[in-house]
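Order of the sequence lines sets the chain letters (A, B, ...), proteins ahead of strands, with each chain counted from 1. All figures in this text were calculated on a predicted structure; none of them were measured in a lab.
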Amino acid sequence: MSAARAARFWAEFAENRVAVVALVVVVAMALLALLAPWISPQDPYDLSRLSLMDARRPPGFVGSGGYVHLLGTDPQGRDLLSAIFHGLRISIQIGLAAGAVALTLGAALGIFAANAGGRTEAVLMRIIDLQLSFPAILLALVLVALLGQGKAQLIAALVAAQYAYFARTAYGAATAERRKDYIEAALATPLPAWRVVLRHLLPNCMPPLIVVATVQIANSISLEATLSFLGLGLPVTEPSLGMLIANGFPYMMSGRTWISVYPGIALIILIVAINIVGDQVRDQLNPRLRR
Amino acid sequence: MTPVLEVADLRTHFLTRAGVVKAVDGVSFALGRGEILGLVGESGSGKTVTGFSLIGLVDPPGRIVGGSIRLEGRELVGLSQPELRRIRGREIAMIFQDPIATLNPLLTIGQQMEMALRAHQRVSPRAAAARSAQLLEQVGIPSAAERLRAYPHQFSGGMRQRVAIAIALLHQPRVIIADEPTTALDVSIQAQILHRMRALARETGTAMVWISHDLAVVSSLASRLLVMYAGRLVEEGPTAEVLRHPRHPYTAGLIASLPAMAPPGAPLRQIPGSTPSLMSLPPGCPFRPRCARASAACAQMPPLARAGARAWACHRPEEA
Amino acid sequence: MLGFVIQRFLQAVLVMVAMSVIVFAGVHAVGNPVDIVIPPDATQDIREEAIRRLGLDRPLWEQYLIFAGNLLEGDFGRSFVYNVPVLELIAGRLPATLELVLISVISATILGVALGVYAGYRPEGWLARTIMAVSVLGFSVPSFWVGLILILTFAVSLGWLPAGGRGETVEILGVPWSFVTLDGLAHIVLPAVNLALFKLAMMIRLARAGTREIMLTDTIKFARAAGIPEGTILRRHLLKLISIPIITVFGLELGSTLAFAVVTETIFSWPGVGKLIIDSIAVLDRPVMVAYLILVAFLFVSINFVIDLLFALIDPRIRARRTA
């Protein structure tokens, strides 16, 4: 995208004030996640610093370490604010990793199918459509159950649950673009086909893929939280936001709601903000809604 | 003879984010009882928006910002949508360009005709079917009673347009606005429909505004022509006279570019340049940039000059 | 028409066979179930005996054939954990899930279409904007979190509604149902709302987009030009035209809601198949997992089959094309 187009894009984006606020929130949370080890009041993984004496204390409690626990502590006596910063870090990491792999895999598959044509195209897309009609959460659930727990396994499960969306999108964009004359012309030259694909097809597939990516990163984060909440996500040693919420769930009935509620609020703000940004970008890239 | 429809200084503008588009800007004309009036212009000239303005169906952000539309003396501009609804279909009806898009593919012809009938009168299903069949026959659809149970996809494009015409005629309206109703059809079917429409107009006394970009089609049907350019009327007059002696250079260009006007084998003439954007019209005559006869005077907007049945908006009209 | 039905039916059968292979292969690919059913300190003899009993020593294709043959007879094997026939286990839990899913999807569809059509019909109004904002929220917020908030608000803080279980049930045709008793209804409200919210957001978006598109078509313009009242246009034209995408999604959603019920059932301790599958995954109870997946696949395929038939009923063009 040229600088002028980028500037125009931004000007249109800035017209929607809600979207701008959402973007600021996304950036801020990404920064918090990035800087978590340095800005957290406490290292939540350092077990030697934790004391069960401090467990499940309400917000504002002054712990044995001398900290003021602004958001209280969790059942292991961890400072909740620090746990949330680190949880954000893990959640965003997983969401980005799963999104990036699914994007690469899906885009490659979709563009390949669009170029392969004939039976290969038909069979591939049929499989992808079939998978799309199958609920992602179930797929992820079964895969996590089969592959076992761990970051890599979880990411693999999320990718398996989501690559089909990217494949569909890339396929749609690539077939639409392929019908245009200049691609036909480029394919007729002695240039290798993959170069035409890289130079012309891929850039034109990017805008819709970026839109899908924002939504899918939010979905990955949400799905990961759900799986962790069900006890099928990350190992206990790496608590994501979903796990923090799950940890507090048993104490909710007894009124110690903060353990679940604060990580939950962080999760919701993150997901909603990403979705609002994604919505705005999609509306801007959708030629049919333009006036 | 009092006109059935009188339009005076009609202005329909679209208030978009990028600016005001004056799609129709000061159009006036009168339509006599049973008369067929041709409204001609390139796409973007405002002819379709004029048609939709007449039945009060301009989509937002468009809006009639001024002028008057009188139907048998009654002012339509400023009426509420429910009031307009009672007039639409009963006193003014409209036919669209694409017969494939206008009918609902999921309802039978009979259901759609009954719905249109019930919009303005209480009828039993039996009476509705009888009236619908009668009209289908009138527009030339054979074995009409059975065809009522058919779905639109079981008809050809020409037959679908006949159905649309039958729906427009259901309540014997005073005026039918036909927006390029034959453009999407084969030439042979076009001729059949034109013939039928002329006969119907004669029989029922329904007046018609026939909107088209195709001067050849309109001139075979209409007794009078209106030529629009960039939202304004540029020429008006009896069809034969306008064709023989166009006064506005734009009309002259349109006529010269008709295939029938060129000797066989000779290249077709065309008007240089293209329709201007209505958003950034230059001051003065909007046709000036494309006009071979343009002079310094054309920097001023030409008024509509009248002489008998003729009218034109040009500082340097073609010789009469 | 008959040809169309047969063709669709064969397609459905083919997909089922493919699904059964995939499920069987997938579940067998990883994890050794023997380790779960026998104690780790068991002797080699006991171990081999268990492997033989479970048929795990046969070649994989033979295991599949036995498995597929058993499926056709309605024999899904025995649960490693509960040691009862899986079919019995699932059949006992299915009504609870179906009850929850149907109530959620149907109410979400009716309400969602109404709100979505309104938001699409008057897109600039404040009410439409509010509806859309709420739908973005319903779309974004993870289902389990909504469940927690519902419990926190209506069960813990206000104490109006119970937080878990099915409540009092009444047996109809030998199956227990919650929705027929007041207590049962009180129990189903929160989980149903939880499950419905996401679907509601989705239906609103779908109905809104469809409405906006349809209202701009010449069909609607022509109807308006004929003076047909707006109410009639909405009822007879819009609702009919919009029903095609709505029914498609309704079918798909019925299936995916079944899957999402997993989360809701866990939160609200709703004794359905979703809770069963989570428990089974945790202990790798393979026959239950397989049977559940096959069941979901079967429901998916049958729903799609029914929807294809429904389409043919609604849209005369499909009827014509397929019989020709």
> Going from CG on Leu195(C) to OG on Ser143(C), what distance comes out if it is rounded to the nearest 0.5 angstrom?
Replying inline: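 It comes to 6.5 Å.
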> With only heavy atoms counted, which part of Arg90(B) is less than 4.5 Å from chain C, the side chain, the backbone, both or neither?
Replying inline: neither
> What part of Leu84(B) lies closer than 4.5 angstrom to a heavy atom of chain C: side chain, backbone, both or neither?
Replying inline: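 Contact with chain C is absent: no heavy atom of Leu84(B) under 4.5 Å.
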> Under the salt bridge (charged side-chain N to carboxylate O under 4.0 Å, His left out) criterion, do Glu203(B) and Arg196(B) qualify, and how do the steps go?
Replying inline: CA-CA 10 Å; Glu203(B) 284 164 28; Arg196(B) 180 71 65 173; over 6 Å; no
Is [Y] close to [X] at the side-chain level, that is, under 4.5 Å between some pair of heavy atoms?
| X | Y | answer |
| --- | --- | --- |
| Leu258(C) | Leu254(C) | no |
| Asn194(C) | Trp270(C) | no |
| Leu94(C) | Leu295(C) | yes |

> Asp59(B): what forms a salt bridge (charged side-chain N to carboxylate O under 4.0 Å, His left out) with it, not counting sequence neighbours?
Replying inline: Lys221(C)
>> Phe9(C): which residues meet the ring pair (Phe, Tyr, Trp, His ring centres under 6.0 Å) condition with it, sequence neighbours left out?
In response: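 Residues passing ring pair (Phe, Tyr, Trp, His ring centres under 6.0 Å) with Phe9(C): Phe305(C).
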> So does Glu137(B) pair up with Arg147(B), basic N to acidic O under 4.0 Å?
Replying inline: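 Arg147(B) and Glu137(B): not salt-bridged.
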>> Testing Ile95(B), Val217(B), Ile193(B) one by one against Pro181(B) for a side-chain contact (heavy atoms from CB on, under 4.5 Å), which residue passes?
In response: Ile95(B)
>> So if I apply the side-chain contact (heavy atoms from CB on, under 4.5 Å) rule between Val4(B) and each of Arg70(B), Glu72(B), Glu35(B), which one comes out positive?
In response: Glu72(B)
> Which residues, numbered in order, of residues 98-119 of chain B come under 4.5 angstrom of chain C by heavy-atom distance?
Replying inline: Ala101(B), Thr102(B), Leu103(B), Asn104(B), Pro105(B), Leu106(B), Leu107(B), Gln111(B), Gln112(B), Met115(B), Ala116(B), Ala119(B)
>> Can you list the residues of residues 45-56 of chain B that sit under 4.5 Å from chain C, counting heavy atoms only?
In response: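 Hits under 4.5 Å: Phe52(B), Ile55(B).
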>> Run Arg86(B) and Glu91(B) through salt bridge (charged side-chain N to carboxylate O under 4.0 Å, His left out) and show every step you take.
In response: CA-CA 8 Å; Arg86(B) 280 194 286 278; Glu91(B) 292 173 54; over 6 Å; no
> Checking heavy atoms, do the side chain of Ile220(C), its backbone, both or neither come under 4.5 Å from chain B?
Replying inline: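 For Ile220(C), no heavy atom lies under 4.5 Å from chain B.
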